[in-house]
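Note that the structure is a prediction, hence the values are computed from the model and not measured.
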Amino acid sequence: MIDWGTAVQTGARLVRPGPQVSAEEAREVVRELRELSAVAQEHVREFTRMDVLPDPKPATVVDRPGWIKANVDGFRVVLEPLVDKLSERRPSAGPVGIAVDLVGSRVTGMQMGAILAYMASRVLGQYELFLPPDPSGQAPTGRLTLVAPNIVQTERELGVDTRDFRLWVCLHEETHRAQFTAVPWLRGYVQDQMTRFLLASDIGPTELLDRIKDAAEAVADAVRGGESTLIDAIQSPEQREILDRLTAVMTLVEGHGDFVMDAVGPGVVPTVAQIRSKFNGRRGGGSRLDKTIRRLLGIDIKMKQYAEGSRFVRRVHAEVGMEGFNQVWASPETLPTLDEIADPSVWIARVVKPALPGEVLSLEKPNGTEP
């Protein structure tokens, strides 16, 4: 269903080149990013009070084609077992069907490569949750990756202090490492929801035509400046319910990362206020075509997640402190819903300060009638 080699080749061919740097400057950027990723670990662990073991290995620093290949490898880990399950549901179509599948897999690979090429010039870093299995069993389950050309290009465009900006980025990505290593169940929860979402995508010809029509309308709406996305257009009702849960948890982890990178304080990143102001201004920029693509791919929604998630974490932290907020990591049941992210007081009342039996009874008169 997906030609992974075609995805990598297409992405590497289409991705834009990075900023011009000398070989010496490139080595210095890589060296400093690795050093600052280790510095960020201690700051994140101390501020979040999460039980995170130090990672002796520095961040993996890649260029844009390297980021594309790493993401294709991650997609293979998640998607190939699901593709096998979906294929089992389909009756054999003979040699003609096999030929059609081969052509379709190349088309899908080209589509994936084109999307990754677009994203590869924008992503500053990420914590890669899904890596190819390590035969030795020694490698960690995730990897902190920084995209050096994009970090250099962004800091040049913003005109900010380079060391402060690089540490600021490392703080965000290191927070993600803390989340997925200190919370044992979180990675499995995200993968399970992704699996459920993808397995719920098996549709018949009639539904497929409806989805194609919806996708066309989404493209037209995005061009007009609306908020439609392709993923909204092609998902089923069951998938929408699953996607709400995935959106809630990703809004939480992204918002937590944004909160930590700013809240660690000017003692660590002296120019953090200036960086945040300039960075937020950059997020809304770009040409009309660029904005349309961002809307279609849901990138603008992801930017909204940063803001909404950060507001949730900031509000909860202000009211119940870090110990109270960290109850969010207790189990899947303590994760906030989308409604609770919009109104943090509801989550606080449900998880941190649930009503005591005496408080419930106090709403009733002695004879049991309502007041």
Side-chain angles (χ1 to χ4, degrees), residues 1-16 64-123 126 128-133 190-191 193-220 222 228-236 238-240 242-243 246 289 292-299 301-302:
M1 296 179 74
I2 302 173
D3 187 324
W4 303 106
T6 297
V8 173
Q9 293 168 8
T10 302
R13 185 174 66 252
L14 296 180
V15 70
R16 292 185 296 180
R64 291 171 178 177
W67 181 86
I68 291 171
K69 184 179 186 307
N71 276 266
V72 169
D73 288 343
F75 286 145
R76 294 186 70 169
V77 171
V78 176
L79 294 180
E80 282 192 336
L82 301 179
V83 169
D84 291 341
K85 290 183 180 180
L86 290 172
S87 298
E88 291 172 2
R89 300 179 182 178
R90 300 171 55 196
S92 176
V96 174
I98 293 174
V100 171
D101 282 349
L102 289 173
V103 173
S105 69
R106 287 184 60 81
V107 172
T108 306
M110 292 173 65
Q111 292 170 336
M112 175 179 285
I115 293 173
L116 289 174
Y118 177 83
M119 297 295 297
S121 61
R122 288 158 174 78
V123 175
Q126 69 185 55
E128 297 176 60
L129 277 180
F130 307 110
L131 299 173
V190 170
Q191 185 165 12
Q193 295 302 310
M194 290 174 62
T195 299
R196 290 170 182 265
F197 180 86
L198 293 168
L199 288 179
S201 64
D202 201 18
I203 57 177
T206 302
E207 292 84 356
L208 179 60
L209 290 175
D210 290 339
R211 304 284 176 80
I212 293 173
K213 179 182 176 182
D214 291 342
E217 292 176 352
V219 172
S228 297
T229 70
L230 288 176
I231 197 166
D232 288 334
I234 63 174
Q235 62 187 302
S236 66
E238 181 183 355
Q239 286 178 305
R240 288 190 182 95
I242 299 169
L243 189 62
L246 267 174
L289 175 60
T292 299
I293 295 173
R294 291 206 310 256
R295 280 193 294 269
L296 279 172
L297 297 181
I299 297 172
I301 292 178
K302 184 176 177 66

Inset, instruction - For residues V72 and A7, report the shortest heavy-atom separation together with the two atoms involved. - result: CG2-CB, 4.2 Å

Legend entry - Gap between atom CG of D73 and atom CH2 of W4 - 0.5 Å precision: 9.5 Å

Inset, instruction - Could you point out which residue of M119, R76, Q126 forms a side-chain contact (heavy atoms from CB on, under 4.5 Å) with N71? - result: Q126

Legend entry - Pairwise distance CG(L243) to CD(Q193) - rounded to 0.5 angstrom: 10.0 Å

Legend entry - Nearest-0.5 Å distance, CE of residue M110 to CG of residue L14: 8.0 Å

Legend entry - Minimum-distance pair of heavy atoms, taken over all atoms of V15 and P65: CG1-CG, 4.3 Å

Legend entry - Atom pair NZ (K69) and CG (L116), whose distance is rounded to the nearest 0.5 Å: 13.0 Å

Inset, instruction - Determine, stepwise, if the pair L246 / V190 fulfils side-chain contact (heavy atoms from CB on, under 4.5 Å). - result: CA-CA 7 Å; L246 267 174; V190 170; 4.3 Å; yes

Inset, instruction - Output yes when a side-chain donor or acceptor of R64 lies under 3.5 Å from a complementary backbone atom of R16, and no otherwise. - result: yes

Legend entry - Approximate separation, where rounding is to 0.5 Å, of T10 OG1 and I115 CD1: 11.5 Å

Inset, instruction - Provide the closest heavy-atom pair for A117 versus G11 in the form atom of the first, atom of the second, distance. - result: CB-O, 3.6 Å

Legend entry - Taking every non-hydrogen atom, the tightest pair across A120 and I68: CB-CG1, 3.8 Å

Legend entry - Main-chain N/O of Y118 paired with S121 side-chain donor or acceptor, under 3.5 Å: yes

